[in-house]
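Taking it in order: structure first as structure tokens, then the write-up.
Residue numbering restarts at 1 for every chain, and letters A, B, ... go by the order of the sequence lines. Reckoned from all heavy atoms, side chains included, excluding hydrogens, waters and symmetry mates.
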Number of protein chains: 2
Amino acid sequence: MRLSQQMEYGMDDIDRRLIAELQRDASASYATLAAAVGLSTASAHDRVRKLKERGIIRRTTVEVDPAALGRGVLSYVLIDANAWMGDASTGDALAALPEVEEAHIIAGAGTLLVKVRTATTQDLQGVLRRLYEVPGVASTQSIVVLETFFERPVSPTA
Amino acid sequence: MRLSQQMEYGMDDIDRRLIAELQRDASASYATLAAAVGLSTASAHDRVRKLKERGIIRRTTVEVDPAALGRGVLSYVLIDANAWMGDASTGDALAALPEVEEAHIIAGAGTLLVKVRTATTQDLQGVLRRLYEVPGVASTQSIVVLETFFERPVSPTA
DNA sequence: CTCATTGCCGAACTGTGTACGGCGATCTTA
DNA sequence: TAAGATCGCCGTACACAGTTCGGCAATGAG
């Protein structure tokens with residue numbers, strides 16, 4: 001076992017560059033992908049296959065313009081609870097709301113933090129009403145995003 | 001011009017189902033993709049190509065396990081400003097920090113909201129120190145995520 | 001020193017992406 | 001109402017890319 005920077009995932013620098021390329025354009029051919037990292041097509045294919053097998057690459061997906069889907073307004077909602085909300089049932093109840101994109105349990109003042117995308121601020125109002133129907137929700141505090149500088153994938157570079 | 005639910009993007013139900021399938025697995029073949037929505041291979045190919053041309057599908061990418069990249073700790077940082085931070089230079093300065101995944105200008109109490117991924121909470125400390133070097137940053141308030149219920153793509157369904 | 005393991009490569013095969021032409025329906029316009 | 005244009009859908013064919021296979025060299029273990 002050799003020394004590792006944080007934990008042993010068996011990732012070397014070529015793997016990180018492969019991930020960076022795939023994050024940029026997962027539709028690129030294995031030939032161009034291999035050329036970008038200085039490997040043969042077969043080797044690049046091997047490495048990407050292993051990254052998927054190990055669960056490091058979870059899936060290949062598409063990034064969509066939220067406004068085109070009627071989700072042009074981004075908000076974050078802090079939730080205070082009057083009961084324990086750490087069980088899976090809470091996650092299921094939040095996942096049932098299609099406008100909720102992320103749901104986290106947090107440390108500090110509040111209890112929950114959810115990321116919400118709606119068409120309008122009126123629709124955010126509707127989501128808040130449905131949030132109050134989730135067991136344990138005592139109060140909410142909404143943060144509406146006026147402008148987004150950037151949203152990008154996890155950086156593979158240290 | 002027919003009536004639309006929110007704004008005219010020329011999206012019909014088949015387009016939304018195609019997007020949902022691609023979000024689930026963008027590596028699927030056009031044959032299986034077409035079968036999932038009840039179309040021929042050529043038609044599915046046509047629709048996806050147009051969705052990309054119109055910018056509705058921005059890119060195909062991969063979802064990566066953040067922990068494997070040394071980004072196992074997720075935090076949100078609220079920033080209060082003592083100067084105007086709405087210019088692009090602020091966005092550039094934040095984008096220079098690889099741990100910052102999102103940066104937004106928000107309404108309400110604070111001024112900025114950034115999403116940060118680090119290996120440890122000590123590393124979050126380091127990011128905060130560098131955040132204070134960004135012009136305009138007066139104070140910060142960190143929200144550390146203890147557990148994530150889910151993170152998922154934008155829902156194409158109404 | 002020998003063996004096992006690992007990562008890399010070239011080449012062949014198979015499947016898929018991609019482009020093309022034609023068909024029918026819908027909407028426009030005269 | 002009739003004629004034309006536009007749009008979406010489809011089947012087909014070809015070239016390209018994904019995928020697999022066997023072999024080679026380097027590394028590490030026994």
With sequence neighbours left out, which residue pairs that include part of residues 127-158 of chain A fulfil the ring-ring contact (aromatic ring centres under 6.0 Å, His included) condition?
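Listed once each, the pairs would be none.
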
Take Arg47(B) and Asp12(B) through the test salt bridge (charged side-chain N to carboxylate O under 4.0 Å, His left out) and record every step on the way to the result.
CA-CA 11 Å; Arg47(B) 280 181 176 259; Asp12(B) 66 358; 3.0 Å; yes

[Y] and [X], any side-chain heavy atoms less than 4.5 Å apart:
X: Val116(A); Y: Glu101(A); result: no
X: Ile106(B); Y: Leu146(A); result: no
X: Leu124(A); Y: Val73(A); result: no
X: Gln23(A); Y: Val64(B); result: yes
X: Leu39(A); Y: Ile14(A); result: yes
X: Leu74(A); Y: Pro66(A); result: no

Near DNA chain D, which residues from residues 20-42 of chain B have a heavy atom under 4.0 Å away?
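Here the set is Leu39(B), Ser40(B), Ala42(B).
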
Separation of atom [atom1] in [X] from atom [atom2] in [N], rounded to whole Å:
X: Lys52(A); N: dG18(D); atom1: NZ; atom2: P; result: 10 Å
X: Arg49(A); N: dC9(C); atom1: CZ; atom2: C1'; result: 15 Å
X: Asp15(B); N: dC9(D); atom1: CG; atom2: C1'; result: 14 Å
X: Asp46(A); N: dC24(D); atom1: CG; atom2: P; result: 18 Å

Any chance CD of Gln125(A) has more than 12 other-residue heavy atoms, nucleotides or ligands included, within less than 6.0 Å?
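Open: at most 12 neighbouring heavy atoms sit under 6.0 Å from CD of Gln125(A).
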
Please report the interatomic distance CZ(Arg16(A)) to CE(Met11(A)), rounded to the nearest 0.5 Å.
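The CE atom of Met11(A) is 5.5 Å from CZ of Arg16(A), to the nearest 0.5 Å.
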
Please tabulate the protein-to-nucleotide N/O contacts below 3.5 Å involving nucleotides 6-8 of chain D, giving atom names and distances.
{"unit_1": "dG8(D)", "atom_1": "OP2", "unit_2": "Lys50(B)", "atom_2": "NZ", "d": "3.1"}

Testing the basics here: between Arg17(A) and Ala36(A), what is the closest heavy-atom pair and its distance to 0.1 Å?
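Of all heavy-atom pairs spanning Arg17(A) and Ala36(A), the closest is NH1-O, 4.0 Å.
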
Degree of bending in the helix from dT14(C)-dA17(D) to dC27(C)-dG4(D) once both end axes are built from five pairs, to 10°
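Taking the rotation axis at each end, their angle is 10°.
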
Distances for protein N/O vs nucleotides 21-26 of chain C N/O pairs under 3.5 angstrom?
none

N or O in side chain of His45(B) less than 4.0 angstrom from dT18(C) OP1/OP2:
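Yes, such a contact exists.
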
Geometric class of the Tyr76(B)/His104(A) ring pair [parallel <30°, tilted 30-60°, perpendicular >60°]
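If you compare the ring of His104(A) with that of Tyr76(B), the planes turn out tilted.
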
What pairs meet the salt bridge (Lys or Arg N to Asp or Glu O under 4.0 Å) rule with one or both residues in residues 76-99 of chain B, with sequence neighbours excluded?
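Found Glu99(B)-Arg130(B).
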
